[in-house]
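Below is one structure, written out as structure tokens; the observations come after it.
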Number of protein chains: 2
Amino acid sequence: MVLINRKDLIDLFHENGYKVTPQRLAIFECIMGRRDHPSASEIHSELKREYPTISQATIYNTLHILRDIGAIQELGFEDGKTRFDPDTSIHVNLVCTACGKITDFTDEDLVKAWIGMVEKTAKKTVGQRLDLYYKCTHCSRMVSE
Amino acid sequence: MVLINRKDLIDLFHENGYKVTPQRLAIFECIMGRRDHPSASEIHSELKREYPTISQATIYNTLHILRDIGAIQELGFEDGKTRFDPDTSIHVNLVCTACGKITDFTDEDLVKAWIGMVEKTAKKTVGQRLDLYYKCTHCSRMVSE
DNA sequence: CTCCTTATTTGTAATTATTCTAAAGTAATA
DNA sequence: TATTACTTTAGAATAATTACAAATAAGGAG
Ligand SMILES: [Mn+2]
Ligand SMILES: [Mn+2]
Ligand SMILES: [Zn+2]
Ligand SMILES: [Zn+2]
């Protein structure tokens, strides 16, 4: 699921008993606006331009709320950072193992197979994560030079 | 790919120019022996029984070597810990979001669809991660009680 | 088998992403 | 507009991981 407009997000905050603040809207729109699954510190850096006093605590609080209400997905990585994805539907994250760049990819046949697999496990799923690790063209060039 | 016997691992160390030490073998066999994708600190706790002076630095050094030579896969999680999987093949990790328990699941149709999807991306993959998040029966009981 | 060289292990300190705390600020309601 | 509870903020605390240098031991040569 991907929230498209601000009103849906505001409704989602209200439905869950959260107040709407400029920081909360800006944090979500930052994640939505970039297509690269940013980390908390990347979000903080970007938003300090518009909100010079915004604190890390607000970034983390908001990210956890957004995750809890289902607006984003949190992805832990081996470097100890977690990154945030505004698309919570079944899709593949193409992750460059050299530079960390992430792009999304969707494949209908894979989605069908995934849903079939979930049925076989007979488990009530609450989410999923499908990563494909590779070296992006930029990083592939690096090594050969 | 799953390494089954100690000899294969020793060969893999030698092929990659690493010395074979009791600690290195024990760490790998600890991960292989349990089926739950342990964290570094869980491995450390377990091995301190057999090697009372084994240090965290050795655990981390060895885990990174095992990952680099392809004997295990490292899985970062949102709680900041990373966990280690001795199965590097295409398979699904069933992850309980309440207690963190992980079990493996394999589905041939899904594997085929995954391979088909990789071909469509036209990328040379270096690995993958497929997680299904759910609540295990034990943790489901907790909330209803 | 013994010696030597060098990689490995160890204990500890340093780093860093994340979480906690409490004071100050503000959204929502009437 | 006044009230109140929720939110934001700055900074301190926490915890997983990494860095470091001294002690140890694997593996090869003799
Ligand atoms: Mn994504
Ligand atoms: Mn697994
Ligand atoms: Zn790259
Ligand atoms: Zn559980």
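Just so it is clear: chains get the letters A, B, ... in the order the sequence lines come, proteins before strands, and each one is counted from 1.
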Original post:
What do the steps show when you test A:T121 against B:L94 for side-chain contact (heavy atoms from CB on, under 4.5 Å), and what is the final call?
Top reply: CA-CA 9 Å; A:T121 66; B:L94 303 177; 4.2 Å; yes
Write down the distance between [atom1] ([X]) and [atom2] ([N]), rounded to a whole number of angstrom.
X     : N      : atom1 : atom2 : answer
A:N61 : C:dA22 : CG    : P     : 15 Å
B:Y60 : C:dT16 : OH    : C1'   : 13 Å
A:L63 : C:dA17 : CG    : P     : 15 Å
B:F13 : C:dA7  : CZ    : P     : 16 Å

With a 4.5 Å limit on heavy-atom distance, are the side chains of [X] and [Y] in contact?
X      : Y      : result
B:V92  : B:T106 : no
B:N93  : A:R129 : no
A:L132 : B:W114 : yes

Original post:
What residues in residues 44-57 of chain A put a non-hydrogen atom under 4.0 Å from any atom of DNA chain C?
Top reply: A:Q56, A:A57
Original post:
Does anything in residues 70-81 of chain B reach DNA chain D, meaning a heavy atom under 4.0 Å, and if so which residues?
Top reply: B:G80, B:K81
Original post:
Hey, can you pull the residues of residues 17-42 of chain A with a non-hydrogen atom under 4.0 angstrom from DNA chain D?
Top reply: A:Y18, A:K19, A:T21, A:Q23, A:R24
Any salt bridge (Lys or Arg N to Asp or Glu O under 4.0 Å) involving [range]? Give me the pairs, sequence neighbours left out, ordered by first then second residue.
range                      : result
residues 80-106 of chain B : none
residues 52-74 of chain B  : B:R67-B:E74
residues 46-56 of chain B  : B:R34-B:E46

**OP:** Check whether the side chains of B:H14 and B:N16 place a donor and an acceptor atom closer than 3.5 Å, and report yes or no.
**Re:** no
**OP:** Check which hydrophobic residues are tied to A:V126 through side-chain heavy-atom contacts below 4.5 Å, counting indirect links as well, and list them.
**Re:** B:L75, B:F77, B:V95, B:I102, B:Y133
Original post:
Excluding sequence neighbours, so at least two apart, what forms side-chain hydrogen bond (donor to acceptor under 3.5 Å, both in side chains) with A:S45?
Top reply: none
Subject >> Partner residues of A:K124 under the side-chain hydrogen bond (donor to acceptor under 3.5 Å, both in side chains) criterion, sequence neighbours left out >> reply: none
Original post:
Which residues satisfy the salt bridge (Lys or Arg N to Asp or Glu O under 4.0 Å) test with B:K120, sequence neighbours excluded?
Top reply: A:D107, A:D109
**OP:** Please find the earliest and latest nucleotides of DNA chain D, in the 5' to 3' direction, that have an atom within less than 4.0 Å of any heavy atom of chain A.
**Re:** D:dA5 to D:dA10
Original post:
Considering the terminal five base pairs at each end of the helix from C:dC1-D:dG30 to C:dA30-D:dT1, what angle separates the two local helix axes, rounded to 10°?
Top reply: 40°
Subject >> Ion pair A:R6/A:D8, N-O distance below 4.0 Å >> reply: no
**OP:** Identify the heavy atoms of A:C30 and A:I43 that sit nearest to each other, and give their distance.
**Re:** SG-CG2, 4.0 Å
Original post:
Do the rings of A:Y18 and A:F13 sit parallel, tilted or perpendicular, given the 30° and 60° boundaries?
Top reply: perpendicular
